[in-house]
Chemist: 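Have a look at this one.
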Amino acid sequence: MYQAFLFDLDGTIIDSELIGLRALQETMAELGLTYHLDELRFSLGIPSYKTMEMLNVKDIPAAIKICVEKEKPYMSKVPIFQGMRDVIAKLPACGIVTSKTAEEMKDSFYLLGIDHYFQAVVCASDTSKHKPDPEPLELGLRRMDCTADNAVYIGDSIYDMKCAKAAGVDFGLALWGAKSASGFEDARYIFETPHDIMKLLHR
């Protein structure tokens, strides 16, 4: 059995995909730029500043501030995926490795009432490099006092899988967030529902 179960947040624990995309879309509109939601899907799983760089935004800090404010009314009520709370409550040790910043976590994750289930939380503000680089996951492992071969990282994006592979950690695809297993051929596990994670307790 794995000693530590580390999770991505958006699209894995919380169903926040559309919230983030809509907030980004509204932010771009305020800046005079029009995008369809599908054109912004590349942003899922990477830090907000990187997203703004790729969108050629001039004043990135100001744009991020606008986006955070637009997310706030939605994020306080963002749903946790069905069954996820029960699963994390039964796992031996849990951690979060997310591309959200500390400020974004304050206005989302810490309002959900589940932070007490996690022994370590790593956000984009904690490292100089970000997913798919292994640095965030490696920091999560150190904070949980766990070696790579005793941990599994569960996420819904290619960035999550590449991060896990680079860190030497087994990867499990959260299919409920990813919607498709296409492109995830390197995943060690494919979980159709959060309850499928429980099978690892008997590994």
Chemist: Within the structure provided, determine whether E104 and V68 are in side-chain contact (heavy-atom separation under 4.5 Å).
Modeler: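 Contact flag for E104/V68 side chains = yes.
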Chemist: Measuring from atom CE of M54 to atom OG of S43, what distance do you get when rounded to the nearest 0.5 angstrom?
Modeler: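 These two atoms lie 9.0 Å from each other.
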Chemist: Does a sphere of radius 6.0 Å around CD in E69 hold more than 12 heavy atoms from other residues, nucleotides or ligands, not counting ones at 6.0 Å or beyond?
Modeler: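 Atom CD in E69 is packed in, count exceeds 12.
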Chemist: Taking atom CG of D170 and atom CG of D149, what is their separation to the nearest 0.5 Å?
Modeler: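 So the gap between those two atoms works out to 9.0 Å.
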Chemist: Group every Ile, Leu, Val, Met, Phe, Trp and Tyr by side-chain heavy-atom contacts under 4.5 Å, then state whether F171 and M144 land in the same group.
Modeler: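 Shared cluster, yes.
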Chemist: If you draw a 6.0 Å radius around CD in Q82, do more than 12 non-hydrogen atoms from other residues or ligands fall strictly inside?
Modeler: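 Counting other residues, nucleotides and ligands, CD of Q82 stays at 12 neighbours or fewer.
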Chemist: For atom CG of D115, decide whether the heavy atoms of other residues, nucleotides or ligands shown that lie under 6.0 angstrom number more than 12.
Modeler: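 Yes, CG of D115 has more than 12 neighbouring heavy atoms, counting only those of other groups under 6.0 Å.
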Chemist: Evaluate whether atom OH of Y74 has more than 12 neighbouring non-hydrogen atoms of other residues, nucleotides or ligands under 6.0 angstrom away.
Modeler: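 Check fails, neighbour count at 12 or below.
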Chemist: Is any side-chain heavy atom of D160 closer than 4.5 Å to a side-chain heavy atom of F184?
Modeler: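 SC-SC contact between D160 and F184 ruled out.
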Chemist: Rounded to the nearest 0.5 Å, what separates atom OG1 in T51 from atom CD1 in I60?
Modeler: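 Between T51 OG1 and I60 CD1, I get 10.0 Å after rounding to 0.5 Å.
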Chemist: Specify the closest pair of heavy atoms between R85 and I88, including all atoms of both residues, with the distance to one decimal.
Modeler: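 That closest heavy-atom pairing would be O-CG1, 3.3 Å.
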Chemist: Taking the six-membered ring for Trp, is the centroid-to-centroid distance between F118 and F109 below 6.0 Å?
Modeler: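 Ring centres of F109 and F118 closer than 6.0 Å.
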Chemist: C94 and F7: which non-hydrogen atoms are nearest, and at how many Å?
Modeler: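 Closest approach of C94 to F7, heavy atoms only: SG-CE1, 4.1 Å.
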Chemist: For Y189 and Y2, take the angle between the two ring planes, folded into 0 to 90°, and tell me which bin it lands in: parallel under 30, tilted 30 to 60, perpendicular over 60.
Modeler: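 Taking Y2 first and then Y189, their aromatic rings stand perpendicular (interplane angle over 60°).
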Chemist: Anything under 3.5 Å between a donor and an acceptor, one on a side chain of residues 16-31, the other on a protein residue two or more places apart or in another chain? List them.
Modeler:
{"unit_1": "S16", "atom_1": "OG", "unit_2": "D10", "atom_2": "OD1", "d": "2.3"}
{"unit_1": "E17", "atom_1": "OE2", "unit_2": "R41", "atom_2": "NH1", "d": "2.6"}
{"unit_1": "Q25", "atom_1": "NE2", "unit_2": "Y35", "atom_2": "O", "d": "2.9"}
{"unit_1": "T27", "atom_1": "OG1", "unit_2": "A23", "atom_2": "O", "d": "2.7"}
{"unit_1": "E30", "atom_1": "OE1", "unit_2": "K70", "atom_2": "NZ", "d": "3.1"}

Chemist: NE2/H130 to OG/S99 distance, rounded to the nearest 0.5 angstrom?
Modeler: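 Going from NE2 on H130 over to OG on S99, the span is 7.5 Å.
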Chemist: Indicate yes or no for a side-chain donor-acceptor contact from S125 to the backbone of A102 under 3.5 Å, with no hydrogens or angles considered.
Modeler: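 Yes; judged by distance alone, with no hydrogens or angles, the pair exists.
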Chemist: Tell me whether N150 contacts the main-chain N or O of C146 through its side chain, where contact means a donor paired with an acceptor under 3.5 Å.
Modeler: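 Here the side-chain-to-backbone pair does not exist.
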Chemist: Indicate yes or no: at least one non-hydrogen side-chain atom of T98 is less than 4.5 angstrom from one of C123.
Modeler: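 Yes, their side chains come closer than 4.5 Å.
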Chemist: Between D196 (side chain only) and T193 (backbone N and O only), is there a donor and an acceptor less than 3.5 Å apart?
Modeler: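 Such a contact is found between D196 side chain and T193 backbone.
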Chemist: Any non-hydrogen side-chain atom of F5 less than 4.5 Å from a side-chain atom of P92?
Modeler: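 Answer yes - side chains close enough.
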Chemist: Before giving the answer on salt bridge (Lys or Arg N to Asp or Glu O under 4.0 Å), spell out for E103 and K106 the whole-Å C-alpha distance, their side-chain angles and the decisive distance to 0.1 Å.
Modeler: CA-CA 5 Å; E103 183 179 0; K106 185 172 59 179; 5.8 Å; no
Chemist: What are the two closest heavy atoms between T101 and S48, and how far apart are they?
Modeler: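 What the structure gives for the nearest pair is CG2-OG, 4.2 Å.
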Chemist: Drop me the distance from M198's CE to K90's NZ, to the nearest 0.5 angstrom.
Modeler: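 Reported value, rounded in 0.5 Å steps: 5.5 Å.
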Chemist: Taking C-beta and beyond as the side chain, do I154 and I197 meet within less than 4.5 Å on heavy atoms?
Modeler: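 Counting from C-beta outward, I154 and I197 do come under 4.5 Å.
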Chemist: Would L139 and R143 count as a side-chain contact (heavy atoms from CB on, under 4.5 Å) here? Give the steps.
Modeler: CA-CA 6 Å; L139 177 57; R143 288 182 175 179; 3.8 Å; yes
Chemist: Give the cluster check for L175 versus M84: same hydrophobic cluster or not, with ILVMFWY residues linked at side-chain heavy-atom distances below 4.5 Å.
Modeler: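 No, L175 does not connect to M84 through the hydrophobic network.
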Chemist: Heavy-atom distance under 4.5 Å between the side chains of K100 and L9, does that happen here?
Modeler: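 With C-beta onward as the side chain, the pair touches.
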Chemist: Quick check: are there more than 12 heavy atoms from other residues, nucleotides or ligands sitting under 6.0 Å from NE2 of H116?
Modeler: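 Correct, the count exceeds 12.
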Chemist: Following the transitive rule for hydrophobic clusters with a side-chain heavy-atom cut-off under 4.5 Å over Ile, Leu, Val, Met, Phe, Trp and Tyr, establish whether I13 and L200 coincide in one cluster.
Modeler: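 Both belong to a single hydrophobic cluster.
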Chemist: Of all heavy-atom pairs between P132 and K162, which one has the smallest distance, and what is that distance?
Modeler: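 Taking every non-hydrogen atom into account, CB-CB, 3.6 Å.
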Chemist: Please report the closest heavy-atom contact between V57 and A63, naming both atoms and the distance.
Modeler: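 Nearest pair, atom of V57 first, then A63: CG1-CB, 3.7 Å.
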Chemist: Ignoring hydrogens and angles, tell me if any N or O in the side chain of W176 forms a donor-acceptor pair with the backbone of T12 under 3.5 Å.
Modeler: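 A pair under 3.5 Å: yes.
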Chemist: With a cut-off of 6.0 Å (strictly less than), are more than 12 heavy atoms of other residues, nucleotides or ligands near NZ of K58?
Modeler: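 No, because the 6.0 Å sphere around NZ of K58 holds 12 heavy atoms or fewer from other groups.
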Chemist: Are F191 and V169 joined in one hydrophobic group, where the rule is that I, L, V, M, F, W and Y side chains link up if heavy atoms are under 4.5 Å apart?
Modeler: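 No, F191 and V169 fall in different hydrophobic clusters.
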Chemist: To the nearest 0.5 Å, tell me how far L91 CG sits from M1 CE.
Modeler: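 L91 atom CG to M1 atom CE measures 9.0 Å (nearest 0.5 Å).
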Chemist: Find out if a path of hydrophobic residues (ILVMFWY) with successive side-chain heavy-atom gaps under 4.5 Å connects F81 to I96.
Modeler: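 Looking at the clustering, I96 is in the same group as F81.
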Chemist: Compare all side-chain heavy atoms of H195 with those of V87 and state whether any distance is below 4.5 angstrom.
Modeler: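 Heavy-atom side-chain distance check passes, below 4.5 Å.
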Chemist: Hey, does L55 have a side-chain heavy atom less than 4.5 Å from the side chain of L40?
Modeler: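 Yes. Closest side-chain heavy atoms under 4.5 Å.
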Chemist: State, to 0.1 Å, how close I190 and A181 come at their nearest heavy-atom pair, and which atoms those are.
Modeler: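 Nearest pair, atom of I190 first, then A181: CD1-CB, 3.9 Å.
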Chemist: Check whether any side-chain N or O of Y153 sits under 3.5 Å from a backbone N or O of C163 as a donor-acceptor pair, and report yes or no.
Modeler: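 Flag not set: sc Y153 to bb C163 has no pair under 3.5 Å.
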